[in-house]
Every structure is written in structure tokens, then in C-alpha cells.
There are 2 protein chains.
Amino acid sequence: MATKTSKDIRNESRFMVLRSVYAGGTVTRAQVAAETALSPATVATLVGELVEEGVLREAGRISSQGGRPTVTFQANPQRGRLLAIDVAETYVRLDVYDLALARVDREQVELDPGAQSIESIAAVIAGALRSLRGREALGGEPILHAGVSLPGQVDTVRGVDVFAPNWGWRDVPVADALTEAVDAPVRVDNPLMAMATGELWFGAGRRFRDFVAVNLGTGVGAGIILDGQLVRGRGNSAGEWGHTTLVWQGRGCRCGRRGCVEAYVGVEGMRTTLGEIAPDHPLVEVRHHRAFIEQLMRAEAAGDEAAREAVLRTGDHLAAGLGNLVNLLNPEHVSVLGWITRYAGTELRERVRERIQQECLPGPGAGVSMEFTDTAGESVSLGMAVLALEGFLEQVGLPSPSSLPAPPAPAARTPHPAAWAVPGTATRGSR
Amino acid sequence: MATKTSKDIRNESRFMVLRSVYAGGTVTRAQVAAETALSPATVATLVGELVEEGVLREAGRISSQGGRPTVTFQANPQRGRLLAIDVAETYVRLDVYDLALARVDREQVELDPGAQSIESIAAVIAGALRSLRGREALGGEPILHAGVSLPGQVDTVRGVDVFAPNWGWRDVPVADALTEAVDAPVRVDNPLMAMATGELWFGAGRRFRDFVAVNLGTGVGAGIILDGQLVRGRGNSAGEWGHTTLVWQGRGCRCGRRGCVEAYVGVEGMRTTLGEIAPDHPLVEVRHHRAFIEQLMRAEAAGDEAAREAVLRTGDHLAAGLGNLVNLLNPEHVSVLGWITRYAGTELRERVRERIQQECLPGPGAGVSMEFTDTAGESVSLGMAVLALEGFLEQVGLPSPSSLPAPPAPAARTPHPAAWAVPGTATRGSR
């Protein structure tokens, strides 16, 4: 049985201060206190610590009537750089951020499809970083910390990629190779947690404390935010909504189960749906994911009946999957993000809005809001920048545990002798 | 954007102190401090407040070598009584607890099936209470607070039963009638939240901070505990796992959706499954829920092939539904409770254990434990006693917000103008 220590509370408070600075841009201590409900004394202490570490700096002074001028603060863009690295299955992208979390440069390298090793990924990152070093935005600036998003299930605490099926990765240690490649401390995570962190700091998290950020892409998942905190689960694997059964004994999914949400609303799911409706439709052969979605949506908008039917069926499955989340978690809000939403036309959005009404129970359905946004790509990058910032703060002794799971506390978590443990990956076979 | 106030933190700390007292029975301040990781000074203050209100009392003194004797404390069974009232669809049960949360008496009244009014329920409660008053355990003792579990979706903050389909209740105000019936302050909630609270205080919550307590009965649901806190959701409706779609376009569910988990693993779901396997099986006509389950399990154990097949299919659906929870939430543990587990034979448990391995992804599946227990009936009662205790502590100015949702903070939750709200119950029709 663990409880919050005063250190935990201070960390949470620091997180609130930083979020209010990033939301406001240039702020006074009084504004931070008003927005966070922290005491003026606490805010003064925390701001002082952040100024001392160079994370914040004085922005100016506002003269107040008859009194001392009020100091304003902002994030310090001159303190150094953060790297947000998005390692996807077909590309590696490095984004350079300043401590104001403004993106100042970007370098992207395409990857050959198929198997990759962590060594080859690290080499690609090192090469891209050399290009960035040759340009002005990064130049010789110190890299304070890097956040690296990797595909699959990532153990943030151990620095291990637990399971990345498309590359055949299982329990691959990644932290050392990446640290060497960027010559800076590294925090690893998966894109879903990164996206949810971005949404928490810069998206729906500014308006809601209980919400779900659903990512629609090649894979699909749901970042769950409860009480203003990202739910990571026991091993940083929470949010695998894409691998919950929606269609009993339905289509095979790449995870090995049948009828998963992803097998219907992910890109391959949509292509399969189109093939079921019209096996000879030319788009069934378009295997490039973005090209397929773009052309499917264009065909639908142009009146192609099979494309329209595929979009509507996808909307029905998506609405049911979202309804499951609403009924199970009773959130205030659902954000639907991901690159698919950039191409998704009115028909898909309207279908989901129409259908979700029947999918929610009266209680959880009452008053929940939903938005489609296309900011997920930026959310992953921003989220990794935030995680890099958190890593940096911890490194200088100012942890900000908005989202990183605590290392396990073995004493409190010993299973009961009578408990039955689901066998782990070792006995699982080839999923 | 809200943050924790020092009052919230003190409330959380008080909750930890109380839980450690209930876990230990008789404890010293030092033991509480060791178990909760609170400072000795904080523990001394909180224990002092609880002693002052009569919730705790000195139990004795342990002489320590060469120093002052150490005082031991325990919950005070003489301070008054708590009522835990379980209003189910076929009975009303009143349990009397002392402040040590020991049950000291019980009175149960059967209800006629079918529609009920809150007035008739209140009259039944008042009658049962008169019987209890005539016996020694309650006698003339003051009732400090009552916790009332009501079927359906219950708005704890407003004291309203939002939706109880089997009684045709929609937005029925219940708090006033119940308060009058017991002549004491009342807190209302639904059985799922009560059961999960009981599990949090006295069951799996003693060993795990992230777990799911699944209830199997006429209805099914999942109490979600994350970071030691019960997830209630925006309107106290979280946990409606029974109304998540598992079988796309499957059986109609009493909620109005199709293919819900409950339509397969709830009692009526099992009866329907048996009817699909063997339409002329005599048990298909057994409409009393407990009798049906008892006889089904007995027939299965005796070698009845159709009964066996129905149990196995139920196990397959249950395993998939549990797998969905594990993949989505990545908990440390899953408790399967509910009166069905009391009758469930080896076959059902073994089938679920065998099948769930294929239903979990490697990450979330690694190391999650699962238990079947039959304590749910007691968990609902204990949970309502805990909620009554919390209500009493709030009443005397010592709130302990382990599980009660905060009233909504409208300013922070105003939907974005662009957000789309799912229409509420008013436009929903006849579900």
C-alpha cells in the first residue's frame, strides 16, 4: 500500500506550473497561481527552481499601479534543444525543439519496409542528426534530452521494445544504442503514449481531465486520460483498444486474435472491407496505406458506390468501438486523431456521429463530446518532446511525473499465492 | 485545469490511515506510518482527529523497553452504526455494521418482481429497519450514515437513479425518500461501484493498485481501479463492460444494443446459449436466475453434453471479454466475482484460464493474475458500508474521498465550441 509522498506532490505541482506556462506563453506568478490553484508561495518556489535551471526565464516586467513592477516569465528558448524522434515502420523523423516547445527544425529519412535492427535504426538517426547539426537551428547547441517513439509495445522503464511484430522484434533492448546515436540521455515510448501526452499537454487536456484520445492509422489505439493523468497500465501497454474483440470470430488480426477493432477500422481493415464489397475494385490492389486511404476517400466523395459502402461500414465499426470506450470509461470527451482523419471525408464523420448515439448507454452517453482532429502526427512529435522535457527535468533533479510510470514496487505487488498468472510471452508462440 | 489542494491530499492521507487500521485491526501510529509512508507527524495528527470524532479509540498500551509505553488504536465499535442497504431487483437487504466495519445484524425482504416505485422501496426499508431496531445489535444505537445500493445507473452526487430499465426508472430522485426511511443521512450508489469499493478496501485492493473487479450475475460489469482509486467516470457510469459490443450484430441486449458482453455471459445470455444448443432442453424453461445457474452447473458436472457445451461457450465469451479489459487497461490483476462464481464449476474456470491466454497481447498478458472469488455479495454490502463510513466522515468534517466523484467543476469542463455532444437521454427512445 503506497501513498503519495510530498515529493510526488511537488512534482505534480511543477507539472501544473509548466503546463500553465506553455498554455499562456508569457505569464506572471499570479496568473500561474490563479490557473493552477497552487498557493502563491508554492508557485514562487517552483518558478524559482525552474528559472535556476534555465527552463524558465524572465520575460519582462509589468509596472503595476503604485507598486513594484510584476515580473513575467516564459520558457527559455536559449537553454538548449530537445529531440523528438518518431521511428515509424516506414520512416524516421527527427524534430528539434527548444525549451519553449517550439519546433525549430526537422529531418526525415525513409526506411525500407521489412525487418530492421536497432543498430540500423540507430545509424539512420545518427546520420539524420549529422544533417541537423550542419544547419543553424540545432548547430552546436546542446541536446538536453531525446524522446524516441518506437513501434509496438515499449517498456519505458527498462528501455526495451517488448513486441514490434512487423519487424519481428521481441524484448529488444533499445536504450543504449539510441543514447549512443544521439549522444544524449534518451527516453523511449510508443507512439500511442506519445500522442496521448501531446493531447494531454496541448490538445483536449487543456479542456478535459477525463478523455480518450483515439488514434486512427495503420494501427489503432486509445490513449486513456483519467483525472488529468495518462493511464499507462502495469507495463506501459494500456490503450490497446485496437486489439479488443468487436466481431466475435471475425477477421484474423495481425495480433493473432480474431475480430479486433483494428481489423475493421485500421487501413488494412478498410481495404479488406472494400474487397468484400467489390472484389474487383481497383483500389483493393493499392497497398500503400496513405495512397489507399486518400484514393478511397476521393472515390467516395466522387460517388463511387463501393467506396461509399466501405466508408459507411467502417463508420459503423468505428462508432461501435468508440461506444465501447464511452460505456466502459464514461469519459467527458473523445478525440479522434490520426493521419486517417486528415483524409476522412464528411461521410465517415457523419456516419460515426449518427451511429454512436445508439452505441452509448444513456448515462455515459449524456453529455460526452467528440471531435475529429488531424493533429495526431504533430501530437506524437510534441508528446515525445514533452517526454524529453520530463526526462531533462528529472536529470537536473526536477522530475515532472505527468506520465511516466513509477518503477514497480515489488512488495506491494506480489501476487496472491492463489492467483493464476497468464503465461508470459515465452510460452506464447508466434504472435 | 485543476490540481490537488492540500485538503485533497489530507483526505487521501486519511483514507490511507483508515485502510491500514482496517487491515491491521489494532495498530500503533508507527505501524500506520510504516505502512502508508506518511510522516509520523501526519499520522499523529490524522489519528488524533479520528480519535476525537470517536471513529478510532485507544485499544491499549504496549510497554517499550525503557521508554514511554506505545499506544495502540482500533476502530471504535461503540461509536454508532452504519447501514449498508442493498436494493436488488428481487430483494432488499439491510446490513448493520459497527465502525470497525464488522457486520452485526441483517434483515432481508423479498420483493415482488416487476415495477417498483421509490416510495414502495422506502416503505420496505422502513419496515425492515423496525425489525432491526427491535433486536439487540442495532437497538437504539444511532445510525451515523446509510449507504444504499440501487440497481441501474445512479448519480451519487445528485441522489438520482438515472436509468434502471427493469423497473422502468429514468431520472428518479431517490435520496429524500431513503433519508426519510432510515432517518439518517444517505449516500446512494450502484452495486458495481459498491462491489468495487469493497474489493478496493478488503479484497484485491490490499495487494494491487491497478486491477479490475468483474461482477458476474444477472447483469455484468467491471469495476476499474487505477492507482488505488475507483474509476467512476464523468457521471458515475464507468464500468459498463457488460454493455460493450463483443459480437458484432449479435444477440439483442436489454440495453438496446446488439452483441453486448452481458447478452452472452449474463444469466439470460447463458440460457439463450443453452437454447441455441438444445432448444428442447428442460433447463431452458427455468426462468429463476439462481435456480437456472445452479441446475446448469449441476447438469454440466453430471455429464450433460448440452449443459457442458453451454458452459464452454460462455467461458469462451467471458475469456474474450476479459481479454478486452486486459488489453485496454493493462492491469496487474483481474478479480472475477459475483454470485455466479459461487456455482461456477471447474469447467467454466478452466475454460476461461485456458482461453484467456490467446486473448491477451504479449505485453498486457505478461504477468497479469486472475482470481475467481465468490465474495461479491459481501463486497457489495461491505462497499456500501465503506461508502456510508465516508459519508459519515464528511458529515463530521473529515472527508475521505476514496471513491466518491467530485461534483463537476463547470468552468473547467465546458465543451469546446467545436465539440459535438452526443444527444442525451431525451432523444433516445425506449431503451
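Just so you know, these numbers come straight off a predicted model, no measurement behind them. Per chain, numbering begins at 1; letters A, B, ... match sequence-line order.
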Novice: Side-chain contact test, heavy atoms from C-beta onward, threshold under 4.5 Å: evaluate it for A:Leu328 versus B:Leu325 and give yes or no.
Specialist: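 Yes, side chains in contact.
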Novice: I'd like to know if the side chain of A:Gln153 and the backbone of B:Gly363 have a donor-acceptor N/O pair within less than 3.5 Å.
Specialist: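 Answer holds: yes.
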Novice: With a 4.5 angstrom heavy-atom cut-off, is it the side chain or the backbone of B:Val231 that approaches chain A, or both, or neither?
Specialist: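 For B:Val231, side-chain heavy atoms alone lie under 4.5 Å from chain A.
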Novice: Can you name the side chain to side chain donor-acceptor pair (under 3.5 Å) partners of A:Thr245, sequence neighbours left out?
Specialist: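 Once residues adjacent in sequence are excluded, the partners of A:Thr245 under the side chain to side chain donor-acceptor pair (under 3.5 Å) criterion are A:Arg257.
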Novice: Does a side-chain heavy-atom distance below 4.5 Å link B:Asp210 with A:Arg234?
Specialist: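 B:Asp210 vs A:Arg234: side chains apart.
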Novice: At a heavy-atom separation under 4.5 Å, does B:Asp155 approach chain A through its side chain, its backbone, both, or neither?
Specialist: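 Neither the backbone nor the side chain of B:Asp155 comes within 4.5 Å of chain A.
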Novice: Tell me, for B:Leu226 versus chain A, whether the close heavy atoms (under 4.5 Å) come from the side chain, the backbone, both or neither.
Specialist: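 Only the side chain of B:Leu226 comes within 4.5 Å of chain A.
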Novice: Looking at A:Leu329 and B:Ile224, what are the two nearest heavy atoms and their distance?
Specialist: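 Looks like CD2-CD1, 4.0 Å.
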Novice: Give, as side chain, backbone, both or neither, the part of A:Pro364 having an atom under 4.5 angstrom from any heavy atom of chain B.
Specialist: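 A:Pro364 touches chain B through backbone and side-chain heavy atoms alike.
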Novice: Look up atom SG in B:Cys260 and atom CG in A:Asn327, then write down how far apart they are to the nearest 0.5 Å.
Specialist: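 Reported value, rounded in 0.5 Å steps: 7.5 Å.
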Novice: Looking only at heavy atoms, what is the nearest atom pair of B:Asn324 and A:His243, with distance?
Specialist: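 That closest heavy-atom pairing would be OD1-O, 4.5 Å.
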Novice: Which one wins on heavy-atom pair count under 4.5 Å against chain A: B:Asp316, B:Val326, B:Val334?
Specialist: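 Of B:Asp316, B:Val326, B:Val334, B:Asp316 has the most heavy-atom pairs under 4.5 Å with chain A.
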Novice: With sequence neighbours left out, what residues match A:Glu240 under salt bridge (Lys or Arg N to Asp or Glu O under 4.0 Å)?
Specialist: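 Salt bridge (Lys or Arg N to Asp or Glu O under 4.0 Å) check on A:Glu240 returns nothing, list empty.
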